[in-house]
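Let me begin by presenting the structure, written as structure tokens, before commenting on it.
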Amino acid sequence: MKIPDEVKIIGEDIRSMKIRGAGKIARAAAKALGLAAQKYSGPNNPEVFKKYMTMNAEYLLSTRPTAVSLPNAVFYVMNALEKASGNVDELRSAVIEASQRFINESLEALKKISEYGANRIKDNSIVLTHCHSTASVSVIIRAYEQGKIRKVYSTETRPLYQGRITTRQLLEHNVPVEQIPDSAVRYIMHEVDQVVIGADTIASNGAVVNKIGTSQIALAAHEARVRVFVAAESYKFSPMTLIGELVPIEFRDPTEIVPREWIEKHHNVEVLNPVFDVTPPEYIDAIITEHGVIPPQAAIFILLEKMGWVLEKIKLGRLEKIRLEDLLEE
Ligand code: RUB
């Protein structure tokens, strides 16, 4: 049994960040599991098929550590497999159907978030956003269509410049946008009316894990009494944080920051490249989800009410390390 090439291509695109952003990663992982099911050519034995799907799931889970949207998407599809019964064809259909359902629900969620989020933007606003978040961009575009946005500041987001994707997408929708270096955020904040950002993971206490630099932006906004909104689908809430798990922060290769030759020339100096940070709930005014706009402190309700299907699988307090098998075990 091996992982099909189609799944490996998606997995490697996630790892290398060709596919990036928590929502896109989740949809790509769901799609990959659907493809894995389609490509299965092993024996007509449900147990073998389940093992094969678990192998594909484990592989996808290993690609990037921080965005909980990835495990949540994988668990969503694997949960459908676990609940299904019958022969391999029936199990295969259950996986393909769940994969498509996750993708559709995710896109529906984005539409709702753009509406709910745009409602929270005041007339004549200057908005600041960070990195590239599909959820935030859709809020901003919708608010612009409603005539509420005067200008957007888009941070360049070193080292990989995802802010340029944001700027390009906003320009494509005629939204007036100015690109600024990350270090200009505090300087510009007195002009800003609202900050709108996305999330990779939201903890049960409402802390938001997002692209490195987000917490500094939130601090500068707090100091200037500018409100901070987070646009995030419910599958970005982390069930594991309910039982005290920490959100792993991804560190990427130092050469994303400086060339290898520079490092070698400088006595192999240590270069750190943490790619996400944690913004405490006190610095966030509201989280815009497809279920409505909530204060960060209400994250726990989204987890308990909307992500309950994952919680059912967690044996509270007994897991040292949460692994797929543990979550799927009855
Ligand atoms: C992307 C990032 C985005 C969130 C939300 O980081 O931090 O703000 O993932 O994005 P990276 P979306 O570029 O390292 O993946 O709203 O598109 O899910």
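Indexing begins at 1, ligand by ligand and atom by atom, following the structure's order. If you read the sequence from its start, that first residue is 1, and numbering goes on from there.
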At under 4.0 Å between heavy atoms, which part of Lys211 makes contact with ligand 1: side chain, backbone, both or neither? both
In the protein, which heavy atom is nearest to atom 5 (C) of ligand 1, and how far is it? Ala199 O, 3.5 Å
If you group Ile, Leu, Val, Met, Phe, Trp and Tyr by side-chain heavy-atom gaps below 4.5 Å, do Val228 and Val137 land in one group? no
Does Lys111 pair with Glu290 as a salt bridge, N-O distance under 4.0 Å? no
Cys131 to ligand 1, any heavy atom closer than 4.0 Å: yes
Min N/O separation Ala231 to ligand 1 under 3.5 Å: no
Hey, is Glu256 close enough to Arg252 for a salt bridge, meaning N to O under 4.0 Å? yes
Which residue and atom name correspond to the protein heavy atom nearest atom 17 (O) of ligand 1, and how close is it? Thr134 N, 2.7 Å
Counting neighbours of CZ on Arg15 that are heavy atoms of other residues, nucleotides or ligands and sit closer than 6.0 Å, is the number greater than 12? yes
Mark yes when over 12 heavy atoms from residues, nucleotides or ligands other than Glu270 sit less than 6.0 Å from its CD; otherwise mark no. no
Regarding His130 and Gln162, do their side chains bring together a donor and an acceptor under 3.5 Å, going by distance alone? no
Is it the case that more than 12 heavy atoms not belonging to Lys39 sit under 6.0 Å from its NZ atom? no
Atom 4 (C) of ligand 1 sits nearest the protein heavy atom Asp200 OD1, 3.3 Å
Lys148/Asp193 ion pair, N-O < 4.0 Å: no
Is His132 close enough to touch ligand 1? Criterion: a residue heavy atom under 4.0 Å from a ligand atom. yes
For the backbone of Lys8 and the side chain of Tyr59, can you confirm whether one donor and one acceptor N or O come within less than 3.5 Å of each other? yes
I need the contact type for Lys24 against ligand 1. Using non-hydrogen atoms and a strict under-4.0 Å cut-off, is it side chain, backbone, both or neither? neither
Is it true that, when you exclude Lys112 itself, more than 12 heavy atoms of the residues, nucleotides or ligands shown sit nearer than 6.0 Å to its NZ? no
Counting heavy atoms under 4.0 Å, the part of Ala67 that contacts ligand 1 is neither
Would you mind checking which non-hydrogen protein atom is closest to atom 1 (C) of ligand 1, with the distance to 0.1 Å? Arg20 NH2, 3.5 Å
Please confirm whether Asn210 approaches ligand 1 to less than 4.0 Å, judged on its heavy atoms. yes
Quick check: does Phe276 get an N/O under 3.5 Å from an N/O on ligand 1? no
Report, in ascending order of atom number, the atoms of ligand 1 lying under 4.0 Å from any heavy atom of Ala135. 16 (O)
Exercise: do Lys50 and Tyr52 side chains pair donor with acceptor under 3.5 Å: no
Where is the nearest protein heavy atom to atom 16 (O) of ligand 1: which residue, which atom, and how far? Ser133 OG, 2.7 Å
Measuring from the heavy atoms of Glu233, does anything fall under 4.0 Å of ligand 1? no
Side chain or backbone of Met17 under 4.0 Å from ligand 1, or both, or neither, by non-hydrogen atoms? side chain
Suppose I only count heavy atoms of Lys236 and a 4.0 Å limit; which atoms of ligand 1 are within that range? 12 (P), 16 (O), 18 (O)
Suppose I only count heavy atoms of Gln162 and a 4.0 Å limit; which atoms of ligand 1 are within that range? 11 (P), 13 (O), 14 (O)
